[in-house]
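Here the structure comes first, spelled out in structure tokens, and everything after it is commentary.
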Amino acid sequence: MKTLSHKGQILLGAIATLVLTALSMTAIVFMNGGAAPGGYGYPGASRCTAPSLAGTVINVTTTDMGGSMMGGAGMMRGSMQLTADRATVTRGEVSFLVTNTGNIPHEMMIVPLADPQSAGTRPVGRDGKIDETGSLAEAAATCAEGEGNGILPSAAGWITLDLPPGRYELFCNLPGHYWAGMYTQLSVT
């Protein structure tokens, strides 16, 4: 058997690295739903369209850093976000269009905030969730209104409700998500 020269070994190593990288990238695309617009390969491209929503519409975006760190105890504080395109609305009929631009499922719940409480200060239980007592509604269905198992990546969910004046906290209550930073405050005047 003939041994390769030093240059031959380097060339063979470089070719093997390129082939393995290409195969890994292909596997990632296929495991994430493909690279077509609307699939997981393009976070932010919505896979569904919401119907015409009533009242004032608040666009809520959920996002995460993705990867294996999103799966449990390894979650980092600030690694996820839930943001709204406005912080104040007038009382009455309000619709929330929640778009998941992240890499894992998310949801949005709405709970009144008592004075002097502020968003992000609720205690997190052993299950990684906060107490949902007093919840007014949740957008957690993929391409649908209301409750569900979470809004999938690159999709949206929505809710409409009549909000009286007050302060509210919008948050994701999937395990660990609130702790990781998925909350914001809304004021209704």
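Being a predicted model, the structure only gives us computed values, none of them experimental.
Under a hydrophobic-cluster definition in which Ile, Leu, Val, Met, Phe, Trp and Tyr are linked whenever side-chain heavy atoms come within less than 4.5 Å, directly or via other members, M108 and L136 are assigned to the same cluster. The hydrophobic clustering, which links ILVMFWY residues whose side-chain heavy atoms are closer than 4.5 Å, places I159 and I58 together. Under the 4.5 Å side-chain heavy-atom criterion for Ile, Leu, Val, Met, Phe, Trp and Tyr, L113 and L82 are members of distinct hydrophobic clusters.
Side-chain N or O atoms of S95 include none that pairs as donor or acceptor with a backbone N or O of G55 at under 3.5 Å. D64 contributes a side-chain N or O that, together with a main-chain N or O of N103, makes up a donor-acceptor pair within less than 3.5 Å.
Taken to the nearest 0.5 Å, the CE atom of M182 stands 4.5 Å off from the SG atom of C172. Of the inter-residue distances, the one linking L170 atom CG with T62 atom OG1 reads 12.0 Å to the nearest 0.5 angstrom.
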Would you sort out whether T160 and E145 count as a side chain to side chain contact (heavy atoms under 4.5 Å, CB included), showing the intermediate values?
-> CA-CA 8 Å; T160 300; E145 183 172 11; 4.3 Å; yes
Working for side chain to side chain contact (heavy atoms under 4.5 Å, CB included), residues E107 and E147 = CA-CA 9 Å; E107 65 182 12; E147 295 182 23; over 6 Å; no
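Residues that satisfy the ring pair (Phe, Tyr, Trp, His ring centres under 6.0 Å) test with F171, not counting sequence neighbours, are Y178.
Within the structure, the side chain to side chain donor-acceptor pair (under 3.5 Å) test picks out the following pairs touching residues 50-61 (sequence neighbours left out): N59-D85.
Paired with L186 under the rule side-chain contact (heavy atoms from CB on, under 4.5 Å), one option of V89, T88, V60 passes, and it is V89.
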